[in-house]
There are 2 protein chains.
Amino acid sequence: MTDALVDVCAALGDQTRWSILTALGEGDASASALATRLPVSRQAIAKHLAILERVGLVEPVRAGRELRYRVLGSELSATARRLEAVGAAWDRRLAAIKEIAEDM
Amino acid sequence: MTDALVDVCAALGDQTRWSILTALGEGDASASALATRLPVSRQAIAKHLAILERVGLVEPVRAGRELRYRVLGSELSATARRLEAVGAAWDRRLAAIKEIAEDM
DNA sequence: GCCATGTGCAACCATATGATTGCACTCGAC
DNA sequence: GTCGAGTGCAATCATATGGTTGCACATGGC
C-alpha cells in the first residue's frame, strides 16, 4: 500500500546510497568496483544497489561477467516533479490564506 | 556530515509522515487534532512533527494553548529543484555516452 | 477555582535496517 | 584446465526507528 513516491524518497534518505549514486554519476560501475572506493563492504553495496534498482533509480548492465550499474536520471527527475507539484499545491493554499487575511 | 538533502528525503520516506503532511495540506492542525484522524497515537505524531520541523517541511504556529503545524511548500519545492538538478546532470551524462556510441 | 484539554517528557518494546563475515558458485583470462 | 576475480546467498549483529503507554505539567474556559 506504500506509494512508489514514498519508496523512492526512502531510498534517497540514506547517506551511503547517495555516495553510491554520486559515484555512479561519474560512470557505470559494479558493486565490487564501488567497494574499492567506498568505506563499506561489497555486500552492503550490493544490498543498496538492489534497493535502488527496485525503485528505478539504477539499472543493471551486464559487461562480461561483471554486473555494472547505471544511474537513471529520469526516475529522479520524475520524483522531483511529483514533489514540486505537491509543494506548489501547499504554497497555493498558503497564498490563499494570506490573501483572505489581508482582506480582513 | 549528512547533507540536508538526505535528511529531507529520509523524512519523506515514511508513509505515516506523508499522511501527516497531506492532512496538514488541507489545513493547519495540532498533534492532538491529527491523532483523531490518523490511526497512530498523538505522541507518535508529535515525534513525526518534530522530525518534519527539523528538516523545514513544517512550521509550528501557536494558537492559544494549542500548537498547530503548518506545512511549508517552499522547502519541498527547494528539495524538488535540487533533485531535478542532479537528475538532469545524470541524464546529460547518459546522453553524452549515447552520442559517443553513435559516432562509432 | 476547577476541570478538561493539549503538551511535553521518559521508559519501553518490537521490528526494520545498515553492515559484517563466511562460504559456495560461476565464468572469463591465461 | 586452473586460478582468480566477481557475484550470490545466508546467518548474524548492533543500532535506529516507529510505535506504545504512563505520567506530569500548563493553560484556557466555565
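Here is the naming used below: chain letters follow the sequence lines, and residue numbers restart at 1 for every chain. Remember, it's a predicted structure, so these values are computed and weren't measured experimentally.
For Ala33(B) and His48(A), each mapped to the nucleotide of DNA chain C holding its nearest heavy atom, the one lying further toward the 5' end belongs to Ala33(B). Each of Ser30(A) and Val40(B) lies near DNA chain D, and the nucleotide nearest Ser30(A) is the one positioned closer to the 5' end.
Computed from coordinates, the Asp14(A) CG to dT15(D) P distance equals 17 Å when rounded to whole Å. The interatomic distance linking Gln15(A) (CD) with dA16(D) (P) rounds to 16 Å, in whole Å. Counting to the nearest Å, the C1' atom of dT20(D) and the CD1 atom of Ile45(B) are 13 Å from each other. In this structure, CG of Leu34(B) is placed 13 Å from P of dG19(D), rounded to the nearest angstrom. Atom CZ in Arg62(A) sits about 13 Å away from atom C1' in dA5(D), given to the nearest Å. In this structure, OH of Tyr69(A) is placed 11 Å from C1' of dG8(D), rounded to the nearest angstrom.
Counting non-hydrogen atoms under 4.0 angstrom, Arg17(A) reaches the backbone sugars and phosphates but no base.
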_Would Lys47(A) and Ile51(A) count as a side chain to side chain contact (heavy atoms under 4.5 Å, CB included) here? Give the steps._
CA-CA 6 Å; Lys47(A) 286 189 191 175; Ile51(A) 292 171; 5.5 Å; no

*Which is it for His48(B) and Thr16(B) under the side chain to side chain contact (heavy atoms under 4.5 Å, CB included) test, yes or no, and what are the steps along the way?*
CA-CA 8 Å; His48(B) 285 304; Thr16(B) 303; 3.8 Å; yes

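Contact check for Arg70(A) versus Val58(A): no side-chain heavy atoms found under the 4.5 Å cut-off. The shortest distance between side-chain heavy atoms of Leu57(B) and Val71(B) does not fall below 4.5 Å.
Of the inter-residue distances, the one linking Leu34(B) atom CG with Leu21(B) atom CG reads 10.0 Å to the nearest 0.5 angstrom. Atom SG of Cys9(A) is separated from atom CG of Asp3(A) by 9.0 Å, given to the nearest 0.5 angstrom. Within the model, atoms CD of Glu66(B) and OG of Ser32(B) stand 7.0 Å from one another, a figure rounded to the nearest 0.5 Å. In this structure, CG in Leu94(B) is found 7.0 Å from CG in Leu72(A), a value given to the nearest 0.5 Å. Distance check, rounded to the nearest 0.5 Å: CG of Leu12(B) to CG of Leu5(A) gives 7.5 Å.
Chain A approaches DNA chain C within less than 4.0 angstrom (heavy atoms of the protein), and the contacting nucleotides run 5' to 3' from dG18(C) to dG28(C).
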_Footprint string (nucleotides 23-30 of chain D, 5' to 3'): B base within contact, S backbone only, - free, heavy atoms under 4.0 Å_ = ----BS--

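Scanning for side-chain contact (heavy atoms from CB on, under 4.5 Å) contacts around Ala88(A) gives Glu84(A), Arg92(A), with sequence neighbours left out. In this structure Glu75(B) satisfies the salt bridge (charged side-chain N to carboxylate O under 4.0 Å, His left out) test together with Arg82(B), sequence neighbours excluded. Residues satisfying the side chain to side chain donor-acceptor pair (under 3.5 Å) test with Asp14(B), not counting sequence neighbours, are none.
One N or O donor and one acceptor, one from the side chain of Lys47(B) and one from the base of dG19(D), sit under 3.5 Å apart.
OP1 or OP2 of dA5(D) has not a single side-chain nitrogen or oxygen of Ser32(A) nearer than 4.0 Å. Put simply, Ser41(B) has no side-chain N or O that comes within less than 4.0 Å of OP1 or OP2 on dT21(D).
Taking the screw axis at each terminus of the helix from dG1(C)-dC30(D) to dC30(C)-dG1(D) from five consecutive base pairs, the angle between the two is 30° to within rounding of 10 degrees.
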